Amino acid sequence: MNTLFFVLCLVATGASHLVHGIQNTHKEDQELERQLKLLNKPPVKSIHTKFGYIVDCIDINKQPTFDYPLLKNHKLQKKPFHQKSRRKTNVTSSQTRSIFGLHKVQCPTGAVPIRRITKDDLIRNKLLLKNHVMTKEAPGYHYAQASLTPLAGPYYGVSGQNSVYNPKVQRKDQISASHLWVQNGPIHAVNKITFGWQVDPQLYGGDEGTYVYARWNGGCFNILCPGFVQIHKGYYLGALVTDTSIYGGTMVEYNLAIYQEQRTKDWWLRMGNENIGYFPAKLFTTMFSANIVGWGGSTRTPPGSPSPQMGSGYFPDDNFVHACYFRHVGFQNTSRQYYGPPKYTVNTYNDNPNCFGVEYYGDQKREVGYSLQFGGPGGNCGN
Ligand SMILES: *[C@@H]1O[C@H](CO)[C@@H](O)[C@H](O)[C@H]1NC(C)=O
Ligand SMILES: *[C@@H]1O[C@H](CO)[C@@H](O)[C@H](O)[C@H]1NC(C)=O
């Protein structure tokens, strides 16, 4: 039972020699194989996607996340107990049952899709954990985002329709992401859930495509660390977005939400009308509610190298087929309804205006409502 926890410790501490000496010793190799066996549960069915990765359908009660000591006696929630009505807006693609341009599988009843972890994934993840120091001051990271001030909290949910792009990276070790998040707690012990899309070739087998992702408490991504409980039978974390938006042309957008289920306090991820799964309340020490929620983008590049694009690669200009956007954004307060945030409750943060921008517009009515844009071309943004 403690094995997966052990794996995590290894992942965190074993990073340095694996990184610098590509020559894994035989012993390390055996250790990796052992970890893989633990992480990849025997599948009910395997789906070999045409994108170069495998998705396994795993018995919903035997998903790897339940090896985590904290979740040992967790009672599986098959759906959110209580779902408040959402604000009614006219949404195009994202409110249909199929989420446009997102890879979907069909697992048999009682099984859920889990992206199979390869040995390379494991090695890369050790690297990533080492590189991803999740503080704003970390060299190589850039941000352009909008967040709600703690003054109008506490918060129980965040939502918005996010346009999906495929920003260009120049190297495999760069990242460009768009997401919404909820967080609480002091900087040294922050509890946080991030959900959105990203380009991160190191994480996705070298592929520069756009993938749906989530992470919690600044730990590793998707299901590489335990924590997330997969519920949906078709949509899964780490799925490829096969169609993305075209600047000035067709927009692909996903209706994203992170919200707390009131009875269990679990935090659910929703896309379109589909509940993908949840992070059990037990994982969190300070997030009984969120004191900050937000929307925006981030990039990462090795210190000293130029930053990749963020969003569509263009600055905000209030034209919603230009810069990447979140429209019809909402938050939940204690009344557990979604509200559009008034302008005075929103802070924007942008660490280098030459590279990226972020604008929160408030309620623009028309087809975008409460909305923001962010992104830019990147380049030499300093560290
Ligand atoms: C949705 O669109 C329909 C037809 O275009 C319109 O009649 C209706 O008022 C719209 N609803 C909202 C909530 O905007
Ligand atoms: C929740 O936020 C809305 C919109 O800002 C506000 O009108 C309402 O009073 C708030 N409710 C509570 C319980 O704080």
Side-chain angles (χ1 to χ4, degrees), residues 77 79-91 94-95 143-163 178-186 190-196 216 253-273 275 278-279 281 284-297 316 318 320 324-350 358-374:
Q77 307 294 313
K79 57 177 195 237
F81 176 67
H82 189 210
Q83 236 183 301
K84 280 268 173 152
S85 64
R86 274 164 296 113
R87 195 210 343 258
K88 291 187 174 47
T89 48
N90 280 333
V91 185
S94 56
Q95 270 189 357
Y143 297 86
Q145 57 195 33
S147 60
L148 282 180
T149 98
L151 291 174
Y155 305 109
Y156 298 92
V158 60
S159 67
Q161 289 163 230
N162 185 199
S163 49
S178 166
H179 42 236
L180 38 71
W181 78 93
V182 296
Q183 77 173 69
N184 207 339
V190 73
N191 283 184
K192 183 170 182 176
I193 299 170
T194 310
F195 180 36
W216 64 283
E253 63 169 21
Y254 293 160
N255 197 0
L256 303 176
I258 308 171
Y259 67 97
Q260 192 192 62
E261 203 260 273
Q262 202 163 350
R263 190 188 54 153
T264 59
K265 314 282 189 236
D266 298 332
W267 292 92
W268 283 79
L269 304 184
R270 199 184 62 226
M271 275 187 90
N273 277 341
N275 286 298
Y278 63 93
F279 291 97
F284 304 99
T285 51
T286 56
M287 203 160 64
F288 303 108
S289 61
N291 74 336
I292 297 177
V293 301
W295 309 261
D318 202 11
F320 280 61
C324 191
Y325 64 78
F326 276 92
R327 64 178 183 134
H328 299 298
V329 296
F331 68 94
Q332 285 186 14
N333 56 17
T334 44
S335 59
R336 306 258 177 175
Q337 305 273 3
Y338 282 103
Y339 297 99
K343 223 172 160 179
Y344 68 89
T345 61
V346 174
N347 297 318
T348 54
Y349 174 85
N350 176 24
V358 55
E359 292 287 339
Y360 181 64
Y361 301 111
D363 186 7
Q364 300 210 90
K365 304 274 193 307
R366 50 191 226 242
E367 66 280 6
V368 297
Y370 290 88
S371 51
L372 63 116
Q373 283 184 311
F374 65 91

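If you read the sequence from its start, that first residue is 1, and numbering goes on from there. When a ligand or atom number is given, it counts from 1 through the structure's own listing order. Because the structure is predicted, anything quoted here is derived from the model rather than measured.
Taking a distance limit of 4.0 Å, we find that atom 14 (O) of ligand 2 is approached by some protein heavy atom. Atom 9 (O) of ligand 2 lies below 4.0 Å from none of the non-hydrogen atoms of the protein.
In this structure, the side chains of Arg327 and Glu367 come closer than 4.5 Å at one or more pairs of heavy atoms.
For a threshold of 3.5 Å applied to N or O pairs, the pair formed by Tyr339 and ligand 2 contains no separation below that value.
Scanning for ring-ring contact (aromatic ring centres under 6.0 Å, His included) contacts around Tyr361 gives an empty result, with sequence neighbours left out.
Formation of a donor-acceptor pair under 3.5 Å by the Tyr278 side chain with backbone atoms of Glu261 is not found in this model.
For atom 5 (O) of ligand 2, the closest heavy atom belonging to the protein is Phe331 CZ, 4.0 Å. With respect to atom 1 (C) of ligand 2, the closest heavy atom belonging to the protein is Asn333 ND2, 1.4 Å.
Near Thr334, meaning under 4.0 Å from one of its heavy atoms, ligand 2 places the atoms 12 (C), 13 (C), 14 (O).
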Please list every donor-acceptor pair under 3.5 Å in which a side-chain atom of residues 287-297 meets a protein atom from a residue at least two apart or in another chain.
residue : atom : partner : partner atom : Å
Trp295  : NE1  : Ser159  : O            : 2.9

Walk me through whether Met271 and Phe195 qualify under side-chain contact (heavy atoms from CB on, under 4.5 Å).
CA-CA 10 Å; Met271 275 187 90; Phe195 180 36; 3.4 Å; yes
